[in-house]
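The structure appears right after this line, and notes come after that.
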Amino acid sequence: MATPRGLGALLLALLPLLALGQEKTTEGPRHSCLGDSMDEYSAFNLKDKAGCFTKCRQSESEPCDVGNLQKYWLNYEAHLVEKGLTEKVNMSFLKALVQNLSTSTTEDLYFSLKPSQIPRQVMKDEDKPPDRVRLPKSLFGSLPGNRSVVRLAITVLDIGPGNLFKGPQLSLGDGSSVLNNRLVGLSVGRMHVTRLAEPLEIIFSHQRPPPNMTFTCVFWDATKGPTGDWASEGCSTEVGPEGTVCRCDHLTFFALLLRPILDQSTVQILTRISQGGCGVSMIFLAFTIVLYAVLRLSQQRFKSEDAPKIHVALSGSLLLLNLAFLITVGSGSKGSDATCWARGAVYHYFLLCVFTWMGLEAFHLYLLAVRVFNTYFGHYFLKLSLVGWGLPALMIIGTGSANSYGLYTIRDRENRTSLELCWFRDGTAKYALYITVHGYFLITFLFGGVVLALVTWKIFTLSSTTAVKERGQNWKKVLTLLGLSSLVGVTWGLAILTPLGLSTVYIFALFNSLQGVFICSWFTILYLPRQSTTVSSSTARLDQAHSASQE
């Protein structure tokens with residue numbers, strides 16, 4: 001009987017260990033996109049990692065380590081060259097060729113880069129394929145070391161629609177993309193080959209680019225930012241009717257970027273339109289402020305009404321924004337980095353002030369025409385002022401502490417600088433731009449649009465007892481809505497249409513720069529004498545009633 005008891009005690013002692021073993025067997029699967037097996041290049045691991053090209057998206061919940069995954073593929077060519085286990089790789093997402101080449105070759109070498117085929121060397125008597133790479137004979141003679149033979153790796157990689165090999169430049173949401181999601185890699189093991197006396201050539205075949213889009217030859221620079229980014233230093237771009245020739249003075253991974261860009265002449269025309277419109281707006285905005293000051297001194301009611309104060313606050317922020325714009329564009333990149341940082345911060349601050357006051361105009365309009373009752377707020381305009389001027393200041397402090405301001409460059413089709421100004425720096429600072437400018441504007445614009453739609457419904461559906469019974473009053477209602485739309489910033493919404501073509505860009509630049517003219521016209525019609533015959537008398541009475549409720 002002693003033995004069974006001892007066996008039972010032994011089993012009891014082993015139960016925790018058995019439980020641990022059971023837990024290990026039921027351990028969840030590892031996430032390959034987090035960087036597991038980063039040095040293994042078996043067919044299974046390659047397919048596993050290739051799945052991350054689709055899985056790794058900003059909107060997906062799949063955990064990914066983009067930096068490690070990019071290093072995985074960057075090191076794959078070196079693995080092929082050093083291990084020497086295979087000459088060709090033929091997978092749906094990857095085509096690769098490894099070939100021994102003599103460093104004393106006397107002719108340029110050509111290789112086909114047809115996406116559906118493994119790269120292959122093109123003989124002298126063959127027709128040159130539309131997608132190809134040309135390696136100058138001088139390349140092999142300039143390699144370090146006294147080698148008679150080197151192993152060259154050429155890969156064509158389909159990176160899919162995810163975040164890998166996209167970088168900050170392709171995260172702007174402006175339609176930029178890698179042409180056909182295709183990368184071309186060239187390497188001779190881990191040799192760092194740069195500053196070639198004669199550049200290599202990669203030809204990408206394609207149709208003509210869409211309007212307002214341009215092709216740029218780039219290479220993957222792993223030293224840019226935390227995960228790398230595309231760069232064009234050392235590469236030139238020659239766009240032809242049937243393809244683009246990329247000439248680069250080094251070996252690495254290359255691609256052709258399709259990006260929206262403005263040529264130099266277009267940038268200059270848009271700049272002139274914006275400068276002229278801003279100058280005219282500044283005159284009208286200054287007149288609006290002076291007119292308000294005169295009315296405030298001559299008429300007692302202007303000291304208590306809130307709507308004129310809000311209009312003037314918006315006019316003042318627009319006046320300062322236009323002034324900051326003219327200084328920023330006129331000065332370009334002149335001055336020190338600190339001066340450029342300050343100019344970018346000031347321009348950003350007044351831009352956010354304009355957005356905020358347009359949102360406050362919409363809020364006040366909502367109280368006047370939609371909510372109507374129970375709209376008492378003590379120290380109403382003071383609270384609005386704290387939001388209108390204070391909230392942008394907090395956002396500037398947060399953005400400035402991240403060192404987001406600096407030199408911003410617009411380049412033309414030949415990668416030449418078209419315009420330089422102090423704004424958000426290129427690179428990771430773009431994320432701050434999306435949040436504090438694009439996102440903030442979208443929120444205020446949507447809010448203003450909803451309020452304007454409600455007011456439109458109110459105006460055109462008034463009962464017969466309150467509606468104006470005179471004939472031909474619809475045009476006055478339309479003019480009223482146009483005036484209100486200038487206050488809530490409808491002209492800024494034209495930015496949404498700019499991807500449709502160059503004509504919409506011109507329309508946006510013209511109408512948006514003239515917002516001050518529209519506000520001045522509205523203010524003049526609304527508050528100069530003869531209100532009994534103006535289109536906005538009802539709006540003025542509503543505001544007087546609302547202002548009285550604040551007292």
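Computed from a predicted model, the values in this text were never measured in an experiment.
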L291: partners by side chain to side chain contact (heavy atoms under 4.5 Å, CB included), with sequence neighbours left out = F287, L295, F523, T524, L528

Could you check whether the rings of W220 and W230 sit parallel, tilted or perpendicular, using 30° and 60° as the cut-offs?
-> perpendicular

Side chain to side chain contact (heavy atoms under 4.5 Å, CB included) filter on Y349, not counting sequence neighbours, yields C353, W389, P392, A393, I396

Residue pair L419 / T271: nearest heavy atoms and the distance that separates them = CD2-OG1, 4.3 Å

Worked check of ring-ring contact (aromatic ring centres under 6.0 Å, His included) between F215 and F204 | CA-CA 10 Å; F215 289 117; F204 295 93; 9.3 Å; no

Quick one: list whatever passes side chain to side chain contact (heavy atoms under 4.5 Å, CB included) with F325, sequence neighbours left out.
-> S274, Q275, C278, V329, Y347

Exercise: identify the closest heavy-atom pair between V387 and T356 | O-CG2, 3.6 Å

Partner residues of S513 under the side-chain hydrogen bond (donor to acceptor under 3.5 Å, both in side chains) criterion, sequence neighbours left out | none

If the plane angle is over 60° it's perpendicular, under 30° parallel, otherwise tilted; pick one for F508 and W492.
-> perpendicular

Contacts of type disulfide (SG to SG under 2.5 Å), residue C520, not counting sequence neighbours = none

Return yes if a side-chain donor-acceptor contact under 3.5 Å exists between T244 and H206, otherwise no.
-> yes

Could you list the residues that satisfy side-chain hydrogen bond (donor to acceptor under 3.5 Å, both in side chains) with T339, not counting sequence neighbours?
-> S336

Less than 2.5 Å separating the SG atoms of C64 and C56?
-> yes

